[in-house]
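Below: one structure, written as structure tokens.
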Amino acid sequence: MLGYRAKLGAWLLVLFLVPVTLMLHKFWTVQDPMMAQIQMILFMKNVAMLGAALRFLSSEAGRSASTPGALA
């Protein structure tokens, strides 16, 4: 069951993370230094998850070892 529609899941994550990251974690507009730092940490966390999802899309994700040619 692992790998079932993995690319679809990764695309859904990308489509979710891009607007949410840009709209909810605007650290550059926050005046309080502590809150700006917290928002920047959350922003960077989302960017890291976005990078992982994009990396997942560029790999052979979702192909099982039983797929012909998967390990070739």
Side-chain angles (χ1 to χ4, degrees):
M1 200 76 162
L2 294 175
Y4 177 72
R5 297 197 180 194
K7 295 220 182 215
L8 174 63
W11 274 116
L12 291 174
L13 275 173
V14 168
L15 291 174
F16 172 77
L17 284 171
V18 170
V20 165
T21 301
L22 294 174
M23 293 178 68
L24 294 181
H25 301 300
K26 297 179 182 178
F27 65 91
W28 55 90
T29 64
V30 179
Q31 299 300 320
D32 180 34
M34 182 67 91
M35 286 305 296
Q37 184 177 15
I38 291 170
Q39 288 301 316
M40 186 169 73
I41 289 169
L42 293 172
F43 181 88
M44 291 300 175
K45 175 196 56 106
N46 283 8
V47 169
M49 288 192 298
L50 180 61
L54 292 173
R55 171 64 179 95
F56 198 69
L57 285 171
S58 70
S59 70
E60 292 294 323
R63 294 186 72 187
S64 67
S66 63
T67 305
L71 300 176

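Here the structure is a predicted model, which is why all the values come from computation and not from measurement.
Sorted by first then second residue, the side chain to side chain donor-acceptor pair (under 3.5 Å) pairs that include residues 9-20, not counting sequence neighbours, number zero. Contacts classified as side chain to side chain donor-acceptor pair (under 3.5 Å) and involving residues 26-42 (residues at least two apart or in different chains) are given here: H25-Q39.
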Check residues 43-57 and write down every donor-acceptor pair under 3.5 Å in which the side-chain atom is one partner and the other belongs to a residue at least two apart or another chain.
| residue | atom | partner | partner atom | Å |
| --- | --- | --- | --- | --- |
| N46 | ND2 | T21 | OG1 | 3.1 |

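Other members of the cluster containing M35 are V30, M34, I38, L42, with ILVMFWY side chains joined at under 4.5 Å, either directly or via other members.
No continuous path of hydrophobic side-chain contacts links L12 to L24 [ILVMFWY only; heavy atoms under 4.5 Å].
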